[in-house]
Amino acid sequence: MIKNFGKKIGLFIDLDGTVYHGARMIPYADQWIRNVRSEGIPFLFVTNNSSRTPVAVAQHLIGMGIEALPDEVYTSAQAAAQYVNEQQLGKDIFCIGEIGLRVALQEKGLSLSDCMDDSVDVVVQGIDREFNYLKLEKAVTALLKGASFIQTNPDLLLPSDHGLIPGAGTLGASIQAGSRVKPVVIGKPSPIIMEYALAKLGCLPEQAIVIGDNMFTDIGAGRAAGCHTVLVLTGVTTSANYDEQVQLAGFEPDHVCKDIEELSAYISLKNRL
Ligand SMILES: [Mg+2]
């Protein structure tokens with residue numbers, strides 16, 4: 001049950017493509033977050049990226065001039081760990097993932113197995129830039145023996161300094177192909193991460209504004225959770241490909257902002273209404 005915070009609105013803000021591109025801050029993002037704080041609007045950064053801990057995400061933001069606390073960050077890794085714990089899927093986890101996911105699972109008291117015996121209850125899979133055949137074999141074997149399959153996020157491709165690179169969804173596709181088990185997807189566009197994020201902030205869906213650059217993940221998740229959605233044309237979606245992205249998604253965001261200055265004005269207005 002969500003304990004309401006009594007405010008008018010709460011913000012759920014995507015990171016990559018919305019406030020930064022990799023190591024580069026998107027212009028005005030620092031000022032906007034200062035505005036949000038000074039207006040007293042509750043917010044959470046919600047990211048599908050499972051590779052970093054909330055502490056590391058906050059440090060990354062601070063490094064580019066955006067004030068942030070670890071508790072203001074909610075990752076698909078935290079949501080995946082919360083889901084495994086709440087659904088009581090078991091304590092022995094085979095984790096394919098990086099430090100952000102491993103720490104999140106351990107913080108929920110789950111134990112990370114090397115999969116050398118039969119005791120694996122759950123395969124939890126996120127992005128893993130050291131993914132290899134042995135990990136694939138262990139995951140497929142555990143799933144064929146009946147383990148549950150949880151995926152942090154379905155992103156097939158990610159933007160990088162050298163173009164698009166494979167994401168967690170692409171790694172998961174090989175596990176799915178071998179095991180014929182479909183994962184429970186936790187990150188955006190799944191409503192699971194949104195429901196946990198809403199509860200963490202104590203915000204009702206009708207008060208929530210989900211902000212992001214990706215029609216499929218950010219806007220999709222906001223819609224699935226019954227929240228107001230705002231697309232910013234600063235990342236995956238741009239003014240050049242907006243029509244195409246909307247057509248591919250099959251739905252529109254509630255509002256579109258071309259940049260963070262426009263977003264800042266819109267959010268201030270929503271807060272005053
Ligand atoms: Mg994004």
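Ligands are counted one by one from 1 in listed order, and the atoms in each one are counted from 1 as well. Any value given below was found using the heavy atoms of this structure, including those in side chains, with hydrogens, waters and symmetry copies removed.
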Can you name the residues that form a side chain to side chain donor-acceptor pair (under 3.5 Å) with Tyr20, not counting sequence neighbours?
->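 Once residues adjacent in sequence are excluded, Tyr20 has no partner under the side chain to side chain donor-acceptor pair (under 3.5 Å) criterion.
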
Asn241: side chain to side chain donor-acceptor pair (under 3.5 Å) partners, not counting sequence neighbours |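 Applying side chain to side chain donor-acceptor pair (under 3.5 Å) to Asn241 gives Thr238.
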
Quick one: do the Asp213 and Thr237 side chains pair a donor with an acceptor below 3.5 Å?
->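 Per modelled atom types, Asp213 and Thr237 side chains form no pair under 3.5 Å.
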
Could you tally the protein N/O/S atoms lying less than 2.8 Å away from the Mg ion (ligand 1)?
->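 Atoms of protein N, O or S type lying less than 2.8 Å from the Mg ion (ligand 1) total 3.
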
N-O pairing of Lys200 and Asp71 below 4.0 Å =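 Yes, charged N to carboxylate O under 4.0 Å.
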
Glu130 backbone acceptor or donor facing Lys135 side chain under 3.5 Å |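 Side chain of Lys135 to backbone of Glu130, a donor-acceptor pair under 3.5 Å: yes, one is there.
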
May I have all residue pairs that pass salt bridge (charged side-chain N to carboxylate O under 4.0 Å, His left out) and include part of residues 169-194, sequence neighbours excluded?
->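 Non-adjacent pairs meeting salt bridge (charged side-chain N to carboxylate O under 4.0 Å, His left out): Asp14-Lys188, Lys188-Asp218.
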
